[in-house]
Amino acid sequence: MSSSPNSKGTDNKKNPLDAMGAFFSAQVDRRKLVTTQKQALATRCSSSGDCAFPGSDHRPADRKTWMAELGPERLRVHQVVWPGSHDSATNKIGIPFITRPFAQCQSLSVYDQLATGCRLIDVRVQEERRVCHGVLATYSVDVVLADVKRFLAETVSELVVFEVRTEFGHDDPPEFAKYLVEQLGEENLIRQDDGVFWKTVAEVLPRRVICVWKPRKSPAPGHGEPLWSAGYLRDNWIDTDLPETKFESNLKFLGQQPSVADRRYFYRVENTVTPQADNPVLCVKPVTRRIHGYARLFLAEVFAKGLGDRLQIFSTDFIDGDFVDACAGVTKARVDGAA
């Protein structure tokens with residue numbers, strides 16, 4: 001007997017309870033995977049003992065001037081392991097307790113990050129010169145520039161990589177390259193030049209800032225200009241909230257880079273993971289904490305795998321003193337010939 005049209009339509013109709021069940025089942029599986037990967041990193045950390053690497057026991061006397069401690073005449077630009085912050089100017093983004101948890105990647109101001117020892121600042125801007133992260137905007141970029149200039153005025157031999165990019169989905173601020181040069185001052189800006197990487201800090205002083213400007217449509221800075229173009233700061237960012245997946249990806253891509261002594265660009269590794277829209281945990285802090293505490297483990301594995309000569313910029317969410325100490329320690333080991 002053939003089915004009636006009505007019964008056929010009923011058979012093809014999707015049951016909303018089935019779809020809901022499939023959704024919750026996928027969420028349970030996802031949470032299990034996150035838990036498994038967190039446990040895997042914890043096991044790797046406990047197996048490595050104290051996560052030792054060259055310079056791991058170093059603690060700067062004053063993080064604010066940790067580069068000066070190493071000796072500007074001895075420290076070359078390519079030897080620095082630059083402790084960086086990811087989405088550096090998001091400490092006051094959004095509305096507290098409402099939208100801020102979904103976009104805040106740092107709790108300190110840019111000045112306080114620099115004083116804590118951070119040496120790479122990552123800022124995203126929109127067409128009105130306001131700092132932003134995705135759809136959320138915060139204070140004017142002038143606040144960031146004032147913080148950088150304050151830090152420069154209070155120190156003598158600390159270099160800073162200052163990355164500014166136009167956020168995805170936004171237009172470039174008008175005449176922004178000119179504005180950056182005017183605000184930071186040509187006397188502070190290290191000009192775009194491949195030869196900088198082999199110079200000592202003393203040789204580039206009194207200029208202190210390598211400013212990388214990454215516009216979307218505006219002309220890129222050229223050789224010899226006060227700003228540096230996007231090709232001088234590279235990374236292989238992957239969009240995941242899975243900590244071991246990101247950890248392994250960082251190792252893999254770092255292994256594909258030349259030694260810092262043989263390349264003429266900065267390469268960044270980000271010790272971060274990112275909230276995903278299909279996951280119930282969307283706030284930055286609880287997600288990025290899945291990997292945040294394993295920075296020293298990463299450095300230990302980098303050296304164990306023979307990749308210590310590739311590491312250059314190491315960035316994190318919610319940067320802290322221990323992260324800075326680890327980067328400063330590897331830098332010191334390089335200067336001392338121990339790494």
Asks: In sequence, state the C-alpha distance, the side-chain angles, and the governing distance for Leu233 and Lys214, and then conclude on side-chain contact (heavy atoms from CB on, under 4.5 Å).
Replies: CA-CA 9 Å; Leu233 178 49; Lys214 297 181 175 181; 4.0 Å; yes

Asks: Do Gln312 side-chain atoms and Arg310 backbone N/O form a donor-acceptor pair below 3.5 Å?
Replies: no

Asks: Before giving the answer on ring pair (Phe, Tyr, Trp, His ring centres under 6.0 Å), spell out for Phe323 and Phe314 the whole-Å C-alpha distance, their side-chain angles and the decisive distance to 0.1 Å.
Replies: CA-CA 9 Å; Phe323 187 88; Phe314 196 29; 5.0 Å; yes

Asks: Return yes if a side-chain donor-acceptor contact under 3.5 Å exists between Asp194 and Tyr232, otherwise no.
Replies: yes

Asks: Taking all atoms of both residues into account, what is the closest heavy-atom pair of Leu70 and Ala328, and its distance?
Replies: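 Nearest pair, atom of Leu70 first, then Ala328: CD1-O, 4.4 Å.
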
Asks: I want to check something: taking the side chain as every heavy atom from C-beta on, are Trp66 and Val324 in contact at a cut-off of under 4.5 Å?
Replies: yes

Asks: Would you kindly confirm whether Val141 and Leu120 end up in one hydrophobic cluster when ILVMFWY residues are joined by side chain heavy atoms under 4.5 Å apart?
Replies: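 They do not share one cluster, since no chain of ILVMFWY contacts under 4.5 Å joins Val141 to Leu120.
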
Asks: For the side chain of Thr288 and the backbone of Val284, is there at least one donor-acceptor N/O pair under 3.5 Å apart?
Replies: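 Judged by distance alone, no pair lies under 3.5 Å.
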
Asks: Please report the C-alpha distance between Gln276 and Asp239 in whole Å, then the side-chain angles of each, then the deciding distance to 0.1 Å, and finally whether the side chain to side chain donor-acceptor pair (under 3.5 Å) criterion is met.
Replies: CA-CA 8 Å; Gln276 300 297 301; Asp239 188 12; 2.8 Å; yes

Asks: Can you tell me how far the OG atom of Ser140 sits from the CZ atom of Arg130, to the nearest 0.5 Å?
Replies: 9.0 Å

Asks: Determine, for Glu69 against Lys332, whether the closest basic-nitrogen to carboxylate-oxygen distance falls under 4.0 angstrom.
Replies: no

Asks: Hydrophobic clusters here meaning ILVMFWY residues chained together by side-chain heavy-atom distances under 4.5 Å, can you tell me if Phe53 and Val260 are in one?
Replies: no

Asks: Side-chain heavy atoms under 4.5 angstrom apart, residues restricted to Ile, Leu, Val, Met, Phe, Trp, Tyr: same cluster for Tyr179 and Val209?
Replies: yes

Asks: State plainly whether one hydrophobic cluster holds both Val161 and Leu254, where clusters connect Ile, Leu, Val, Met, Phe, Trp and Tyr through side-chain heavy atoms under 4.5 angstrom apart.
Replies: yes

Asks: Could you tell me how the ring of Phe266 sits relative to the ring of Phe197: parallel (under 30°), tilted (30 to 60°) or perpendicular (over 60°)?
Replies: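 Tilted, since the angle between the ring planes falls between 30° and 60°.
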
Asks: Give me the atom names and distance for the closest heavy-atom approach of Val123 to Phe162.
Replies: CG2-CE1, 3.8 Å

Asks: Measure the shortest side-chain to side-chain distance between Thr240 and Thr274 over non-hydrogen atoms and say whether it is less than 4.5 angstrom.
Replies: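 Counting from C-beta outward, Thr240 and Thr274 never come under 4.5 Å.
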
Asks: Report the C-alpha separation of Ile190 and Trp228 in whole Å, then their side-chain angles, then the decisive distance to 0.1 Å, and conclude whether the side-chain contact (heavy atoms from CB on, under 4.5 Å) test is met.
Replies: CA-CA 9 Å; Ile190 300 170; Trp228 295 59; 4.2 Å; yes

Asks: Give a yes or no answer on whether the side chain of Arg290 reaches the backbone of Val34 with a donor-acceptor pair at less than 3.5 Å.
Replies: no

Asks: Compute whether any side-chain donor of one residue and acceptor of the other, for Thr65 and Glu158, lie under 3.5 angstrom apart.
Replies: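 Side chains of Thr65 and Glu158: no pair found under 3.5 Å.
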
Asks: Taking all non-hydrogen atoms of both residues, which atom of Thr200 and which atom of Pro72 are closest, and how far apart?
Replies: CB-O, 3.5 Å

Asks: Under the 3.5 angstrom rule, does the side chain of Arg119 hit a backbone N or O of Trp82 as a donor-acceptor pair?
Replies: no

Asks: Where the side chain of Gln126 meets the backbone of Glu128, is there a donor-acceptor pair that is under 3.5 Å apart?
Replies: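 Present.
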
Asks: Decide salt bridge (Lys or Arg N to Asp or Glu O under 4.0 Å) for Arg334 and Asp309; before the verdict, give the C-alpha distance in whole Å, the side-chain angles of both, and the deciding distance to 0.1 Å.
Replies: CA-CA 9 Å; Arg334 285 177 172 174; Asp309 64 335; over 6 Å; no

Asks: Show your working on side-chain contact (heavy atoms from CB on, under 4.5 Å) between Leu152 and Asn188 and close with a plain yes or no.
Replies: CA-CA 9 Å; Leu152 295 178; Asn188 291 319; 4.1 Å; yes

Asks: Could you tell me the separation between the CZ atom of Arg63 and the CG atom of Asp325, rounded to the nearest 0.5 Å?
Replies: 4.0 Å

Asks: Rounded to the nearest 0.5 Å, what separates atom OH in Tyr294 from atom NZ in Lys246?
Replies: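 Interatomic distance, Tyr294 OH to Lys246 NZ, rounded to 0.5 Å: 15.5 Å.
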
Asks: Measure the shortest side-chain to side-chain distance between Val201 and Leu159 over non-hydrogen atoms and say whether it is less than 4.5 angstrom.
Replies: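 SC-SC contact between Val201 and Leu159 confirmed.
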
Asks: Counting only heavy atoms from other residues, nucleotides and ligands, does the tally under 6.0 Å from NZ of Lys149 exceed 12?
Replies: yes

Asks: Can you tell me how far OG of Ser259 sits from NE2 of His78, rounded to the nearest 0.5 angstrom?
Replies: 7.0 Å

Asks: Is Leu311 linked to Ile313 within one hydrophobic cluster, defined over Ile, Leu, Val, Met, Phe, Trp and Tyr using a side-chain heavy-atom separation of less than 4.5 Å?
Replies: yes

Asks: If you draw the axis of the six-membered ring of Tyr111, does the NZ or CZ of Arg150 fall within 45° of it and under 6.0 Å from the ring centre?
Replies: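 Positive - Arg150 is close enough to the ring of Tyr111 and near enough to its axis.
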
Asks: Could you check whether Lys285 makes a cation-pi contact with Phe318, meaning its NZ or CZ is under 6.0 Å from the centre of the six-membered ring and within 45° of the ring axis?
Replies: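 Yes, cation above the ring, under 6.0 Å and within 45°.
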
Asks: Can you find a heavy atom in the side chain of Glu270 that is under 4.5 Å from one in the side chain of Thr272?
Replies: yes

Asks: Under 4.0 Å between a Lys/Arg side-chain N and an Asp/Glu carboxylate O for Arg129 and Asp142?
Replies: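 Salt bridge: no.
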
Asks: With no hydrogens and no angle check, just 3.5 Å: does a side-chain donor-acceptor pair link Asp172 and Ser218?
Replies: yes

Asks: Ion pair present between Arg268 and Glu163, side-chain N to carboxylate O less than 4.0 angstrom?
Replies: yes

Asks: Under a 4.0 Å N-O cut-off, is there an ion pair linking Arg207 with Glu186?
Replies: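 Glu186 and Arg207: not salt-bridged.
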
Asks: Give a yes or no on whether a salt bridge exists between Asp322 and Arg296, defined as a side-chain N under 4.0 angstrom from a carboxylate O.
Replies: yes

Asks: Kindly indicate whether the side chain of Arg264, heavy atoms from C-beta on, has any atom under 4.5 Å from the side chain of Trp198.
Replies: yes

Asks: Less than 3.5 Å apart, any donor N or O on the side chain of Asn236 or Gln256 sitting next to an acceptor on the other?
Replies: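 Gln256 and Asn236 do not have a side-chain donor-acceptor pair below 3.5 Å.
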
Asks: Can a side-chain donor-acceptor contact be found between Arg208 and Thr155 if the only test is distance below 3.5 angstrom?
Replies: yes

Asks: Judged by modelled atom types alone, do Gln257 and Arg234 share a side-chain donor-acceptor pair under 3.5 Å?
Replies: no

Asks: Leu114 and side-chain contact (heavy atoms from CB on, under 4.5 Å): which partner among Leu108, Asp147, Ile121?
Replies: Ile121

Asks: Could you walk me through whether Arg124 and Asp122 satisfy the salt bridge (Lys or Arg N to Asp or Glu O under 4.0 Å) test, starting with their C-alpha distance in whole Å, then the side-chain angles of each, then the deciding distance to 0.1 Å, before giving a yes or no?
Replies: CA-CA 7 Å; Arg124 294 94 187 280; Asp122 155 29; 2.8 Å; yes

Asks: Does some side-chain heavy atom of Val181 sit less than 4.5 Å from a side-chain heavy atom of Glu225?
Replies: no

Asks: What distance do Arg216 atom CZ and Thr166 atom OG1 have between them, rounded to the nearest 0.5 Å?
Replies: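 Result: 7.0 Å between the selected atoms.
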
Asks: Under a 4.0 Å threshold between the charged nitrogen and the carboxylate oxygen, would Asp278 count as salt-bridged to Arg30?
Replies: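 Result for this pair is no, no salt bridge flagged.
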
Asks: Please step through side chain to side chain donor-acceptor pair (under 3.5 Å) for the pair Thr90 and Arg100, ending with a clear verdict.
Replies: CA-CA 9 Å; Thr90 54; Arg100 184 170 297 171; over 6 Å; no

Asks: Is a salt bridge present between Glu248 and Arg44, judged by a nitrogen-to-oxygen distance below 4.0 Å?
Replies: yes

Asks: Just by distance, do the side chain of Gln106 and the backbone of Asn91 share a donor-acceptor pair under 3.5 Å?
Replies: no

